[in-house]
Protein chains: 2
Amino acid sequence: MNTPLIEKTCGFADSQSVAAKLAALSHPARIEILRHLSASRSCCCREVVDHLDLAQSTVSQHLKILVDAGLVRYEPDRQRSRYQVDSDALADVSASLAELVTSCCSGR
Amino acid sequence: MNTPLIEKTCGFADSQSVAAKLAALSHPARIEILRHLSASRSCCCREVVDHLDLAQSTVSQHLKILVDAGLVRYEPDRQRSRYQVDSDALADVSASLAELVTSCCSGR
DNA sequence: ATCGTCTATCGCCGATAGACGATGAACAAA
DNA sequence: TTTGTTCATCGTCTATCGGCGATAGACGAT
């Protein structure tokens with residue numbers, strides 16, 4: 001899991017990390033990219049560009065954001081790039097949000 | 001549910017709505033606000049301000065963002081404001097993300 | 001009526017996000 | 001070598017975010 005133990009009093013530092021993860025997901029283009037990556041096994045940048053109707057540089061930026069957030073794995077392959085969804089990381093984010101939600105709903 | 005039917009080809013408009021919800025959650029202050037709202041039953045703006053070490057106007061803005069996103073319910077109460085987490089809406093967001101994740105992991 | 005408190009909103013700002021085109025590096029093919 | 005393709009990066013522009021102080025409205029208390 002990603003919850004280290006229990007933070008000082010509550011979980012303040014955690015808010016930061018959860019927010020950062022969610023920020024990477026809070027753009028329609030990036031969600032669309034994730035969907036496309038998971039649909040087609042192999043994915044180079046060009047493929048996403050064709051699918052998405054955005055400039056190549058823009059797509060590259062979004063991919064970088066996803067990679068930096070640890071949600072997508074990157075592997076250079078010849079002159080192409082190989083992008084692949086990191087399912088585990090993605091599941092982690094979902095779990096973090098779920099955890100936040102349940103903790104918010106516990107004292108309902 | 002929030003999925004209208006099935007969009008044109010895939011689910012493009014859906015990416016938009018999911019992204020919008022997640023955007024509301026992608027700020028540490030707002031997550032902290034959610035936690036605080038759920039912890040203490042009643043919550044006026046002032047209470048959050050004291051807890052959060054941010055200017056009152058800033059907190060009010062964050063609260064507005066959460067309310068606009070439908071994650072927090074708002075009810076004016078005298079000269080105070082009553083803010084309350086909308087647990088169902090929050091659960092919906094979590095479910096949406098979980099759905100996205102599983103759909104991305106299905107073709108693993 | 002006046003004062004103090006609590007809010008929401010406005011205006012302003014610096015910083016960042018998101019888009020693009022241009023460019024150069026890396027590589028395959030000719 | 002030259003050409004074409006793919007990609008990341010740079011610089012630029014615009015819009016939005018996130019913060020603040022100031023302000024005005026609503027209300028309770030005096």
Side-chain angles (χ1 to χ4, degrees), chain A residues 12 15-34 36-37 40-85, chain B residues 12-13 15-37 40-85:
Chain A
F12 199 114
S15 298
Q16 187 108 13
S17 79
V18 174
K21 294 177 193 171
L22 293 180
L25 289 173
S26 65
H27 194 287
R30 291 197 284 271
I31 291 185
E32 208 51 36
I33 287 177
L34 281 181
H36 186 68
L37 287 187
S40 65
R41 303 288 293 130
S42 78
C43 250
C44 58
C45 180
R46 184 76 210 294
E47 213 175 314
V48 182
V49 170
D50 291 342
H51 176 67
L52 220 44
D53 189 51
L54 281 175
Q56 179 267 329
S57 55
T58 304
V59 171
S60 188
Q61 290 273 24
H62 282 305
L63 283 168
K64 179 174 169 54
I65 290 173
L66 288 170
V67 169
D68 288 346
L71 302 179
V72 164
R73 279 191 299 269
Y74 162 73
E75 186 184 1
D77 177 20
R78 320 263 177 162
Q79 87 270 32
R80 310 215 158 201
S81 297
R82 179 77 40 150
Y83 288 100
Q84 193 177 353
V85 173
Chain B
F12 199 114
S15 298
Q16 187 108 12
S17 81
V18 174
K21 295 177 192 171
L22 293 179
L25 290 173
S26 64
H27 193 288
R30 290 196 286 269
I31 291 186
E32 210 49 37
I33 288 177
L34 281 181
R35 287 214 170 98
H36 185 68
L37 287 188
S40 64
R41 302 287 295 131
S42 77
C43 249
C44 59
C45 180
R46 182 79 210 293
E47 213 174 315
V48 182
V49 170
D50 291 342
H51 176 67
L52 220 45
D53 189 49
L54 280 175
Q56 179 267 328
S57 56
T58 304
V59 171
S60 190
Q61 290 273 23
H62 283 305
L63 283 168
K64 180 174 168 56
I65 289 175
L66 288 171
V67 170
D68 288 347
L71 301 179
V72 164
R73 279 191 299 270
Y74 163 73
E75 187 184 1
D77 178 20
R78 319 263 178 160
Q79 86 268 35
R80 311 214 157 202
S81 298
R82 179 77 41 147
Y83 289 99
Q84 194 178 354
V85 173

Distance check needed: [N] [atom2] versus [X] [atom1], whole Å only.
X	N	atom1	atom2	value
A/Leu52	D/dC7	CG	P	14 Å
B/Gln61	D/dT23	CD	P	18 Å
A/Tyr74	D/dT6	OH	P	15 Å
A/Leu63	C/dA19	CG	P	13 Å
A/Lys64	D/dC7	NZ	P	16 Å
B/Tyr83	C/dT7	OH	P	8 Å
B/Asp53	D/dG19	CG	P	11 Å
B/Glu75	D/dA26	CD	P	19 Å

Presence of [X] side-chain N/O under 4.0 Å of [N] phosphate oxygens OP1/OP2:
X	N	result
B/Ser60	C/dT7	no
B/Arg78	D/dC27	no
B/Ser81	C/dA8	yes
A/His27	C/dA19	yes
B/His62	D/dC17	no
A/Arg80	C/dA26	no

Given 3.5 Å as the limit, does a donor-acceptor pair link the side chain of A/Arg30 with the main chain of A/Ala24, or not?
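Such a contact is found between A/Arg30 side chain and A/Ala24 backbone.
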Just by distance, do the side chain of A/Arg82 and the backbone of A/Arg73 share a donor-acceptor pair under 3.5 Å?
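No, because the side chain of A/Arg82 does not come within donor-acceptor range (under 3.5 Å) of the backbone of A/Arg73.
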Between C/dC20, C/dG18, C/dT7, which one does the side chain of A/Leu54 approach most closely?
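Selected nucleotide (nearest to the side chain): C/dC20.
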Is there a Watson-Crick or G-U wobble partner for D/dA26 with both distances under 3.5 Å, and which nucleotide is it?
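C/dT5 is the nucleotide pairing with D/dA26.
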Using a distance-only criterion (donor-acceptor N/O pair, under 3.5 Å, no hydrogens), is the base of C/dA8 paired with the side chain of B/Gln56?
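Present.
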Using a 4.5 Å cut-off on heavy atoms from C-beta on, say whether the side chain of B/Leu25 contacts that of A/Val18.
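Counting from C-beta outward, A/Val18 and B/Leu25 never come under 4.5 Å.
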Side chains of B/Leu52 and B/His36, heavy atoms from C-beta outward: is any pair under 4.5 Å?
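Side chain of B/Leu52 against side chain of B/His36, heavy atoms only: no contact under 4.5 Å found.
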5' priority, DNA chain C, between A/Ser57 and A/Gln79 [closest heavy atom]:
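Closer to the 5' end of DNA chain C: A/Ser57.
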Mind checking A/Arg82 for me? I need base, sugar-phosphate or nothing, with any heavy atom below 4.0 Å counting as a touch.
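The residue A/Arg82 makes no contact with any strand.
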Could you pull out the closest heavy-atom pair between B/Val48 and B/Cys43, with the gap in Å?
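For B/Val48 versus B/Cys43, the nearest heavy atoms are CG2-SG, 4.3 Å.
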